Amino acid sequence: MGFLVLLWLFVLAALRVVRSDLYAASGLRVALPSLRRNKEKAKPPRGGKVPRQMVVTHGALAGTRIALDGRPILIGRADDSTLVLDDDYASTRHARLSLRGEDWYVEDLGSTNGTYLDRAKVTAPLRVPLGVPIRIGKTVIELRP
């Protein structure tokens, strides 16, 4: 009986992961109330510099640079992503960088393994300061002037 209970728990956990990945891939997102929200103090860009490029600093794509031209940047395993990651720890549609006013924000799109800004897990859109690492699986990204 115990074996059957463990087997069902495993099946339910696997279905939860698959469902999460499917919701992220379709762009649907279930809005759940969060007890903890990441809050960030508004800080002006370091030295008055504005981000002009996104640079992959660690991972399989290290050295890759993408110009920041104001359009949102989709990051994930999907072929239509701006930055396509070949990483087992990245979801199909993992995260998005978008411009709001003069600041860039990172948002997790319901990924299975999460998106991290420095060492904090991204649970709501967060402003990305220059040079602060964004970690998605084994890939680390930074905004640079």
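Heads up: numbering here begins at 1 and tracks the sequence. Predicted model, so just to flag it, every value in this text is computed and none were measured. Hydrogens, waters and symmetry mates play no part in the numbers below; they use all other heavy atoms, side chains included.
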Is the closest side-chain heavy-atom distance between Arg96 and Thr82 below 4.5 Å? no
At what distance, to the nearest 0.5 angstrom, does CD1 of Ile73 lie from CE of Met54? 4.5 Å
Can you name the side chain to side chain donor-acceptor pair (under 3.5 Å) partners of Asp79, sequence neighbours left out? none
Would the distance check show the side chain of Asp118 and the main-chain N or O of Ala120 forming a donor-acceptor pair, the cut-off being under 3.5 Å? no
CG of Leu130 to CZ of Arg52, rounded to nearest 0.5 Å, is 10.0 Å
Counting C-beta onward and ignoring hydrogens, is there a side-chain heavy-atom pair between Leu85 and His94 closer than 4.5 Å? no
Asp88 meets the side chain to side chain donor-acceptor pair (under 3.5 Å) criterion, sequence neighbours left out, with none
Counting heavy atoms not belonging to Tyr116, are there more than 12 under 6.0 Å from its OH? yes
Linking I/L/V/M/F/W/Y whenever any side-chain heavy atoms sit under 4.5 Å apart, do Leu74 and Tyr105 land together? no
To the closest 0.5 Å, what do you measure between CG (Leu109) and CD1 (Ile75)? 9.0 Å
For the atom pair CG (Leu126) and CH2 (Trp104), what is the distance rounded to the nearest 0.5 Å? 15.5 Å
Determine, using the 4.5 Å side-chain heavy-atom cutoff (strictly less than), whether Val84 and Val56 are members of one ILVMFWY cluster. no
Minimum heavy-atom distance Asp108-Gly114, with the two atoms named: OD1-C, 3.7 Å
Under 3.5 Å, which donor-acceptor pairs link side chains of residues 133-145 to any protein atom two or more places apart or in another chain?
residue: Glu142; atom: OE1; partner: Arg144; partner atom: NE; Å: 3.2
residue: Glu142; atom: OE1; partner: Arg144; partner atom: NH2; Å: 3.0

Would a single hydrophobic cluster contain both Leu68 and Leu83, if residues Ile, Leu, Val, Met, Phe, Trp and Tyr are joined by side-chain heavy-atom contacts under 4.5 Å? yes
Interatomic distance, Gln53 atom CD to Asp69 atom CG [nearest 0.5 angstrom]: 12.5 Å
Should Trp8 and Leu15 be counted in the same cluster of Ile, Leu, Val, Met, Phe, Trp and Tyr side chains packed under 4.5 Å apart? yes
Please check if Val132 and Val55 belong to a single hydrophobic cluster, counting links between Ile, Leu, Val, Met, Phe, Trp and Tyr side chain heavy atoms closer than 4.5 Å. no
